[in-house]
Structure formats: C-alpha cells, structure tokens
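In what follows, a structure is listed as structure tokens, so that the remarks can point back to it.
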Amino acid sequence: MIEKAIKKILGIEDAPKWLEREIFKKMEESGVDIQSAVNYLAPVIETVYKSNLEKYRPGGASIRKAAVFLTAELLERWGYQVEFVELFGTTLPAAVRGSNLYTPVVPIFDSKRKSLYLASKSKKYMHNVIQITTSPDVEGVLAEVIKIQKPPFYYLYTSANIRRLVDGSLPMTATVNKRYGNLYYYWKHFREKGFLVLVGREVAGVPVDILAVGLGKYAVVTDARGKKLKRLRKVVDALYLV
C-alpha cells in the first residue's frame with residue numbers, strides 16, 4: 001500500500017524502512033490514511049529522491065557497463081525472448097531462435113581498443129551475429145542511448161528494423177550464462193518499478209553487480225562474502241544474493 005502511494009507522487013514503487021517509520025508515525029499522530037501521510041511528507045520524500053538521483057546519475061562509463069542489459073531490453077521490445085550467451089570470450093545478449101539456437105547481439109558502446117577487438121571478432125561471424133554500436137566510428141547497426149528525466153532514465157534506441165536483422169541471420173548454438181540471466185531479472189524488476197538501475201558500481205568500496213536507486217538503495221551481488229557483505233548491509237536498504 002505504501003509503495004503504491006509513493007508511486008502516485010514520484011512514479012516509483014519504493015518504501016524503505018526509514019520512510020515506513022515516518023509514514024506510520026504521521027498516521028498515528030494525525031489519524032490520517034496512508035496516502036494523506038505520504039502527501040504530507042511529499043516535500044521530504046521528493047528531496048531525498050532527487051538527491052539520490054543526482055548522486056548516482058549514470059555517465060558514459062556506467063552506461064557502457066549496462067550495454068548488455070540495454071541491448072537485451074531492445075531485443076525484448078521487438079518481441080524476442082532473450083538469453084545471455086558466451087561468445088568471443090565475453091557474455092552477450094542473444095535473441096532465442098529455437099532450441100539451443102541464438103542470434104547473439106554484440107553491443108559496442110565506444111571505440112576503445114577492447115571494443116574494437118570485439119568488433120573484429122564478430123565481423124568473422126557477420127551472418128550469425130548482429131553488431132549494434134553507439135559509435136559512428138565502428139561498423140554496425142547505429143543506435144543511441146536516450147537519457148530522460150523519468151524512469152527508466154536511460155534506454156537504447158535504434159531506427160533499424162531489428163526483426164529483419166534477427167530473422168535474416170543464421171542462428172548458432174552457444175553456451176548460456178545463467179548468472180547474467182539472473183542479474184537481468186533484477187535489472188528488469190527494478191526498472192519496471194521505476195528505479196534508476198546501474199551496473200558494476202561500487203558501494204562502500206564493495207563492487208556490486210546491480211545497484212537500484214530510489215528513495216533507498218538496493219544491491220544485487222554474486223560473489224561478495226564475509227566482511228564485504230557485512231559492509232554492504234550497513235549502507236544499503238536491502239541486499240540480494242544471486
């Protein structure tokens with residue numbers, strides 16, 4: 001109920017514990033319902049939200065780290081089921097074409113040496129893979145990352161007919177990376193709720209795979225343990241282990 005009330009004023013479904021306490025306190029003091037309490041606290045809620053967004057708004061490096069998930073979203077918008085496959089020594093989003101058959105998509109979000117190496121590798125499989133790039137200096141389907149002031153805050157767009165490219169490619173077999181599939185679940189989960197979602201950020205000096213930012217901060221990790229987990233739990237509102 002609280003999350004739905006927050007969504008009416010901010011467009012995000014989030015109610016960290018500190019906010020729940022403030023809302024229940026206001027309800028007890030004034031005898032008002034949840035929505036009225038949220039409306040009363042709206043100035044504080046909006047200030048915290050804007051401050052968090054400003055602190056974590058993604059730059060070029062953050063967007064590049066999210067390339068595989070942004071590309072996966074693009075494929076899903078065109079109606080494809082997505083898996084993440086191992087190819088060229090990296091993990092790529094791929095459109096599912098049949099049983100263990102995929103059309104991988106290689107996202108190139110800069111023209112640095114590592115990206116150019118990946119581009120040269122994918123060129124040898126031009127009939128099997130699609131290369132999508134935000135850099136006009138790199139060969140491939142030209143796309144751009146659109147930034148907006150509301151959820152999802154950034155997304156990948158191209159005017160190209162992705163369906164024609166995928167359906168016209170020769171599908172190939174590949175090994176599926178389940179870890180990336182699990183991370184993508186959380187990426188979508190938080191994006192759908194209106195969070196700013198980041199990939200590969202550090203929180204309290206600990207690398208996290210996914211960081212969702214709203215009124216609170218929520219981290220998804222795959223390999224942190226011991227002292228690192230304890231440190232994370234002190235600074236995030238919830239921690240998810242994959």
Side-chain angles (χ1 to χ4, degrees), residues 58 60-110 112 114-115 117-119 121-122 125 128-134 140-141 143 145 152-156 158 162 165-166 169 171-193 195-203 206-213 217-225 228-229 232 236 238-242:
S62 290
I63 289 172
R64 285 192 293 274
K65 290 177 181 179
V68 292
F69 297 136
L70 291 169
T71 307
E73 278 185 338
L74 178 66
L75 288 172
E76 287 193 333
R77 290 202 299 272
W78 278 89
Y80 292 101
Q81 180 185 342
V82 173
E83 291 282 9
F84 295 86
V85 301
E86 296 298 316
L87 193 65
F88 312 134
T90 191
T91 305
L92 301 172
V96 176
R97 302 288 304 282
S99 179
N100 199 34
L101 289 173
Y102 311 95
T103 293
V105 180
V106 181
I108 304 292
F109 278 32
D110 60 35
K112 294 182 179 179
K114 185 177 179 180
S115 297
Y117 174 77
L118 182 59
K121 284 280 191 179
S122 70
Y125 293 82
N128 306 97
V129 306
I130 298 167
Q131 185 162 292
I132 192 165
T133 178
T134 60
V141 177
V145 175
F153 300 105
Y154 62 116
Y155 63 93
L156 187 64
T158 179
I162 296 297
L165 294 169
V166 172
S169 68
M172 62 190 299
T173 59
T175 301
V176 172
N177 186 316
K178 294 296 185 183
R179 171 177 168 271
Y180 266 73
N182 291 335
L183 290 173
Y184 186 55
Y185 165 83
Y186 284 100
W187 164 276
K188 289 201 300 181
H189 169 76
F190 284 113
R191 296 258 287 184
E192 288 168 359
K193 284 181 171 286
F195 287 81
L196 168 61
V197 184
L198 307 163
V199 177
R201 293 292 290 261
E202 277 198 3
V203 179
V206 180
V208 301
D209 296 278
I210 299 285
L211 178 66
V213 178
K217 297 188 291 292
Y218 306 85
V220 182
V221 296
T222 56
D223 58 3
R225 60 192 61 167
K228 289 185 177 180
L229 283 181
L232 272 178
V236 297
L239 183 61
Y240 302 85
L241 305 178
V242 176

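Keep in mind that this is a model prediction, so the values were computed, not measured.
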Exercise. Write down the atom of Thr134, the atom of Phe109, and the distance for their closest heavy-atom approach.
Key: OG1-CA, 3.2 Å
Quiz prompt | 4.5 Å side-chain heavy-atom contact, Tyr180 and Glu83 | solution = no
Quiz item: Side chains of Val213 and Leu211: closer than 4.5 Å at any heavy-atom pair?
Solution: yes
Quiz item: Who passes ring-ring contact (aromatic ring centres under 6.0 Å, His included) against Tyr125, sequence neighbours left out?
Solution: Phe88
Self-check item: Tyr102 vs Val96, side chain to side chain contact (heavy atoms under 4.5 Å, CB included): CA-CA, chis, key distance, verdict
Solution: CA-CA 5 Å; Tyr102 311 95; Val96 176; 4.0 Å; yes
Self-check item: Lys121, NZ atom: more than 12 neighbouring heavy atoms under 6.0 Å
Solution: no
Exercise. Apply the test side chain to side chain contact (heavy atoms under 4.5 Å, CB included) to residues Val85 and Thr91: give CA-CA distance (whole Å), side-chain angles for both, the deciding distance (0.1 Å), then the verdict.
Key: CA-CA 5 Å; Val85 301; Thr91 305; over 6 Å; no
Quiz prompt | 4.5 Å side-chain heavy-atom contact, Ile108 and Gln131 | solution = yes
Exercise. Check Thr71 against Pro107 and note the closest heavy-atom contact, atom names and distance.
Key: OG1-CB, 3.3 Å
Practice problem: Might you point out which heavy atoms bring Pro104 and Leu87 nearest each other, and give the distance in Å? | Solution: CG-CD2, 3.9 Å
Quiz prompt | Leu74 side chain reached by Trp78 side chain, heavy atoms, under 4.5 Å | solution = yes
Quiz item: Atom OH of Tyr184 and atom CZ of Phe69: how far apart are they, to the nearest 0.5 Å?
Solution: 8.5 Å
Self-check item: Heavy-atom donor-acceptor pair, Thr173 side chain to Asn100 backbone, under 3.5 Å
Solution: no
Quiz item: Do Val105 and Val141 come within less than 4.5 Å of each other through their side chains, counting heavy atoms only?
Solution: no
Practice problem: Applying side chain to side chain contact (heavy atoms under 4.5 Å, CB included), run through Thr158 and Ile162 and close with a yes or a no. | Solution: CA-CA 8 Å; Thr158 179; Ile162 296 297; 3.9 Å; yes
Self-check item: Close side-chain approach of Leu92 to Ser122, heavy-atom, < 4.5 Å
Solution: no
Self-check item: Axial cation check for Tyr185 ring with Arg191, 6.0 Å and 45° limits
Solution: no
Quiz prompt | Gap between atom NZ of Lys217 and atom CZ of Arg201 - 0.5 Å precision | solution = 11.5 Å
Quiz item: Where does the angle between the aromatic ring planes of Phe190 and Tyr240 fall among parallel (under 30°), tilted (30 to 60°) and perpendicular (over 60°)?
Solution: perpendicular
Exercise. Output all residues satisfying ring-ring contact (aromatic ring centres under 6.0 Å, His included) with Tyr155, sequence neighbours left out; order by chain, then residue number.
Key: none
Quiz item: Distance only, no hydrogens: is a donor on one side chain within 3.5 Å (strictly under) of an acceptor on the other, for Asp110 and Ser115?
Solution: yes
Quiz item: Do the side-chain N and O atoms of Thr175 and Glu86 include a donor-acceptor pair separated by under 3.5 angstrom?
Solution: no
Quiz item: What distance do Thr90 atom OG1 and Phe84 atom CZ have between them, rounded to the nearest 0.5 Å?
Solution: 11.5 Å
Quiz item: Is there a side-chain contact between Ile130 and Val106, using heavy atoms and a 4.5 Å cut-off?
Solution: no
Exercise. Spell out, as yes or no, whether a donor-acceptor pair under 3.5 Å connects the side chain of Lys65 to the backbone of Val199.
Key: no
Quiz item: Can you check whether Phe153 and Phe195 have ring centres sitting under 6.0 Å from each other?
Solution: no
Quiz item: Between Tyr154 and Val145, what is the shortest heavy-atom contact and its length?
Solution: CB-CG1, 4.1 Å
Quiz item: Rounded to the nearest 0.5 Å, how far apart are OG1 of Thr222 and CD1 of Ile210?
Solution: 10.0 Å
Quiz item: Quick one: are Thr103 and Val129 in side-chain contact, heavy atoms under 4.5 Å?
Solution: no
Quiz item: Are Glu76 and Lys188 close enough for a salt bridge, meaning some N to O gap below 4.0 Å?
Solution: yes
Practice problem: Identify the heavy atoms of Val221 and Asp209 that sit nearest to each other, and give their distance. | Solution: CA-OD2, 3.3 Å
Practice problem: Considering non-hydrogen atoms only, spot the tightest contact between Ala95 and Leu75 and give its length. | Solution: N-CD1, 3.9 Å
Quiz item: Does any N or O in the side chain of Arg97 come within less than 3.5 Å of the main-chain N or O of Met172, such that one atom is a donor and the other an acceptor?
Solution: no
Self-check item: Worked verdict on Val208 versus Val220 for side chain to side chain contact (heavy atoms under 4.5 Å, CB included)
Solution: CA-CA 6 Å; Val208 301; Val220 182; over 6 Å; no
